[in-house]
Colleague: 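Here it is, the structure in full.
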Amino acid sequence: MKDFIIKAEGLVKEYHIYDKPVERLKEIFLKTRKHKVFTAFGPLDIKIRRGETLGIIGENGAGKSTFLKLLAGVTDPSIGTVAVDGKLSSILELGTGFNPEFSGRENVYLNGALYGLSKYEVNARMEKIMKFADIGEFFDMPVKTYSSGMYMRLAFSLAVHVDADIVLIDEVLAVGDGAYEKKCIDRIWDLKRNGITLLYCSHSLYTVANFCDRVMWIKDGRVQEIGETKEVISKYEDYLREKEQAEESERPVVKTEDEKKVAQVKDVRLTANGKPVELEVQHLSGIEVLVDFEIFEDIDIYVGFAVDRNDGLCCYGDSMLKQGLKPFHGPGRESLTIFFKEFPLLSGAYKFVIFLLDGTGICLFDRKESRIVKVTTAEKEWGLCYINHEWKK
């Protein structure tokens, strides 16, 4: 493990679930299985390099904290092994590691000993720990009297002053005020610059994106993706948007008989720089939307479009009517190309929606969606779209 400071192989955490407490006793004495097996995490094989910062993302209950507890030794794996080559400190959920009856100072001595520090070494760090925690007279009061914010301050201060090789951070910044959060972030950056290995679990994707070299996305205890930070976060955001959209669309649909169409969109095709777009397109590429449609009656038809993100958010829309362009007149088969010189949307999944409208722009004769296309970008900007700008000093 010279190059790797953490190595997990076939890591699994299981829990035995009993319908009733008495079933546990029956299992012991009758030697018959009375439990169900719940796999909370795994299986996972992962190697983490020295000095690497790994972000861990996922929904509540996904298994992020379970993974960190396995690494910290708070809980043992049911299957597989995990090897840690160095001193490890952790900031897990509130309540882990501190004796509520002890004062903050006494807990520093207790946990310092658990980290392998002598009393002399703890004393040498005590002033820094106390100053960084910044909880005043509460430092010498029982921890059970602390607010969640004070508890977090003490836990964080201790964890980052024990000269550990690895620091596990589990969503602790969420309970701090703005000024203290800035202080913690600065300290994390110091650890990162000093080559400390960090495992950072957070719901703040912006923070994860800026801190982490790699990201691991966990869902229902299973690892969905491990890889480059921006790519994994983008996939996770797509998943969240699609999940939200699916939940909103789960409504009963009343079907009616097909009505005679006045006009119909026959086909919507995408090309980029003259080549058909299959699944993805590069940010700021030139995109052409080719529309084929048919008008069945003696009527004027205006074409409109919208660019929608895959969760249904309309990013932009326009129509021939709004631009004062001459309409198409039926009956007959028609075609149209909508050209985007530089498509400005940032990484994400999008679709083009084509509308056939009347002269008021209100009556919708037909609509058709293109296939979902993924925009990829090498830039580091965040948000929905690129806005051309420059910096001046």
Colleague: Using a strict threshold of under 4.0 Å (side-chain N to carboxylate O), is an ion pair present between Asp170 and Lys69?
Modeller: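 Salt bridge absent between Lys69 and Asp170.
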Colleague: When hydrophobic residues are tied together by side-chain contacts of less than 4.5 Å, even through go-betweens, does Val303 share a cluster with Leu325?
Modeller: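 Same cluster: Val303 reaches Leu325 through Ile, Leu, Val, Met, Phe, Trp or Tyr contacts under 4.5 Å.
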Colleague: Could you check whether Lys7 pairs with Asp45 (Lys NZ or Arg NE/NH1/NH2 to Asp/Glu carboxylate O, under 4.0 Å)?
Modeller: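 A salt bridge is absent here (no side-chain N lies under 4.0 Å from a carboxylate O).
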Colleague: Can a salt bridge be assigned to the pair Asp190 and Lys192 using a cut-off of 4.0 Å between side-chain N and carboxylate O?
Modeller: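 Looking at Asp190 and Lys192, the cut-off is not met.
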Colleague: Short question: side chain of Asp308, backbone of Lys351 - any donor-acceptor pair under 3.5 Å?
Modeller: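 Side chain of Asp308 to backbone of Lys351, a donor-acceptor pair under 3.5 Å: no, none is there.
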Colleague: Does atom CZ of Phe339 have more than 12 heavy-atom neighbours from other groups under 6.0 Å away?
Modeller: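 Yes, the 6.0 Å shell around CZ holds more than 12 heavy atoms from other groups.
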Colleague: Only one of Val277, Leu270, Leu336 clears side chain to side chain contact (heavy atoms under 4.5 Å, CB included) with Val289; which?
Modeller: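 The single option meeting the side chain to side chain contact (heavy atoms under 4.5 Å, CB included) with Val289 is Leu270.
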Colleague: Would you find a donor on one side and an acceptor on the other, under 3.5 Å apart, between the side chain of Ser285 and the backbone of Ala272?
Modeller: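 Not confirmed, Ser285 side chain does not pair with Ala272 backbone.
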Colleague: Does a salt bridge link Glu23 with Lys20, judged by any charged N lying under 4.0 Å from a carboxylate O?
Modeller: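 Salt bridge absent between Glu23 and Lys20.
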Colleague: Is there a donor-acceptor contact under 3.5 Å linking the side chains of Asp163 and Tyr115?
Modeller: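 Result is no, nothing qualifies.
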Colleague: Are Glu27 and Tyr18 close enough that a side-chain donor and a side-chain acceptor fall under 3.5 Å?
Modeller: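 Yes, side-chain donor-acceptor contact under 3.5 Å.
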Colleague: Output every pair passing side chain to side chain donor-acceptor pair (under 3.5 Å) with a member in residues 334-347, not counting sequence neighbours, ordered by first then second residue.
Modeller: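 Sorted pair list comes back empty.
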Colleague: Under the side chain to side chain contact (heavy atoms under 4.5 Å, CB included) rule, collect the residues that match up with Ala72, sequence neighbours excluded.
Modeller: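 So Ala72 forms a side chain to side chain contact (heavy atoms under 4.5 Å, CB included) with Val74, Leu88, Ser90, Leu92, Leu168.
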Colleague: Check side chain to side chain contact (heavy atoms under 4.5 Å, CB included) between Tyr316 and all other residues, then give those that pass, not counting sequence neighbours.
Modeller: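 With neighbours one apart ignored, the set is Phe305, Asp318.
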Colleague: Once rounded to the nearest 0.5 Å, what's the spacing between atom CG of Leu356 and atom CD of Glu294?
Modeller: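 Reported value, rounded in 0.5 Å steps: 11.0 Å.
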Colleague: Under 3.5 Å, side chain of Arg222 to main-chain N/O of Ile218, donor-acceptor pair present?
Modeller: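 Not confirmed, Arg222 side chain does not pair with Ile218 backbone.
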Colleague: Is Tyr200 reachable from Leu205 through a run of hydrophobic residues whose side-chain heavy atoms are each under 4.5 Å from the next?
Modeller: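 Yes, Leu205 and Tyr200 fall within the same hydrophobic cluster.
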Colleague: Side-chain contact test, heavy atoms from C-beta onward, threshold under 4.5 Å: evaluate it for Leu198 versus Leu54 and give yes or no.
Modeller: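 They are not in side-chain contact.
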Colleague: So how far is it from Asp366 CG to Lys261 NZ, rounded to the nearest 0.5 Å?
Modeller: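 That separation rounds to 4.0 Å.
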Colleague: Name all residues meeting the side chain to side chain donor-acceptor pair (under 3.5 Å) criterion together with Lys13; count only those two or more places apart in sequence or in a different chain, and write none if there are none.
Modeller: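 Once residues adjacent in sequence are excluded, the partners of Lys13 under the side chain to side chain donor-acceptor pair (under 3.5 Å) criterion are Thr75.
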Colleague: To the nearest 0.5 Å, tell me how far Leu71 CG sits from Thr66 OG1.
Modeller: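 One finds 11.0 Å between CG of Leu71 and OG1 of Thr66.
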Colleague: Write down the atom of Tyr109, the atom of Lys119, and the distance for their closest heavy-atom approach.
Modeller: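 In terms of heavy atoms, the two residues are closest at CE2-CG, 3.9 Å.
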Colleague: For the salt bridge (Lys or Arg N to Asp or Glu O under 4.0 Å) test, which of Lys368, Arg333, Lys266, Arg269 pairs with Asp292?
Modeller: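 With Asp292 as partner, Lys368, Arg333, Lys266, Arg269 yield a single salt bridge (Lys or Arg N to Asp or Glu O under 4.0 Å), made by Arg269.
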Colleague: Between Arg125 and Leu158, is there a side-chain heavy-atom distance shorter than 4.5 Å?
Modeller: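 Contact flag for Leu158/Arg125 side chains = no.
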Colleague: Answer yes or no: is there a donor N or O on one side and an acceptor on the other, between the side chain of Thr145 and the main chain of Pro142, under 3.5 Å?
Modeller: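 Side chain of Thr145 to backbone of Pro142, a donor-acceptor pair under 3.5 Å: yes, one is there.
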Colleague: Would you check if Pro43 and Ile79 make a side-chain contact, meaning some heavy-atom pair closer than 4.5 Å?
Modeller: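 No. Closest side-chain heavy atoms not under 4.5 Å.
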Colleague: Taking only distance into account, with no hydrogens and no angle test, what donor-acceptor pairs under 3.5 Å do side-chain atoms of residues 131-140 form with protein atoms, sequence neighbours excluded?
Modeller:
unit_1, atom_1, unit_2, atom_2, d
Asp140, OD1, Arg105, NE, 2.6
Asp140, OD2, Arg105, NH2, 3.2

Colleague: Have Tyr236 and Glu59 got a donor and an acceptor in their side chains that come within less than 3.5 Å?
Modeller: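 There is no such pair (donor and acceptor under 3.5 Å, judged by atom type) between the side chains of Tyr236 and Glu59.
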Colleague: Please walk me through it: do Tyr146 and Tyr151 pass ring pair (Phe, Tyr, Trp, His ring centres under 6.0 Å)?
Modeller: CA-CA 6 Å; Tyr146 287 13; Tyr151 192 105; 7.1 Å; no
Colleague: For residues Asn60 and His203, is any side-chain donor paired with an opposing acceptor at under 3.5 Å?
Modeller: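 Note: Asn60 and His203 side chains meet the donor-acceptor criterion.
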Colleague: Heavy-atom count check: over 12 atoms from other residues, nucleotides or ligands less than 6.0 Å from Lys87 NZ?
Modeller: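 Counting neighbours around NZ of Lys87, more than 12 heavy atoms of other residues, nucleotides or ligands fall under 6.0 Å, so yes.
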Colleague: Measure the shortest side-chain to side-chain distance between Ile166 and Ile5 over non-hydrogen atoms and say whether it is less than 4.5 angstrom.
Modeller: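 When only atoms from C-beta onward are counted, Ile5 and Ile166 do touch, with a gap below 4.5 Å.
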Colleague: Quick one: which of Lys230, Arg214, Lys219, Lys235 gives a salt bridge (Lys or Arg N to Asp or Glu O under 4.0 Å) with Glu225?
Modeller: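 Output: one option passes, namely Lys235.
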Colleague: Walk me through whether Arg50 and Glu52 qualify under salt bridge (charged side-chain N to carboxylate O under 4.0 Å, His left out).
Modeller: CA-CA 6 Å; Arg50 294 181 184 276; Glu52 182 178 10; over 6 Å; no
Colleague: Apply side chain to side chain donor-acceptor pair (under 3.5 Å) to Asp298 and His329, showing your working.
Modeller: CA-CA 7 Å; Asp298 181 16; His329 191 82; 2.4 Å; yes
Colleague: Side chains of Ile6 and Ile46: does their closest heavy-atom pair fall under 4.5 Å?
Modeller: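 No. Closest side-chain heavy atoms not under 4.5 Å.
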Colleague: Does the separation of the ring centres of Phe340 and Tyr350 fall below 6.0 angstrom?
Modeller: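 No.
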Colleague: I'd like to check the salt bridge (Lys or Arg N to Asp or Glu O under 4.0 Å) partners of Asp76; sequence neighbours left out, ordered by chain and number.
Modeller: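 Scan of Asp76 (salt bridge (Lys or Arg N to Asp or Glu O under 4.0 Å), adjacent residues dropped) gives none.
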Colleague: Looking only at atom types and distance, does a side-chain atom of Glu228 sit under 3.5 Å from a main-chain N or O of Glu231, one as donor and one as acceptor?
Modeller: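 Yes; judged by distance alone, with no hydrogens or angles, the pair exists.
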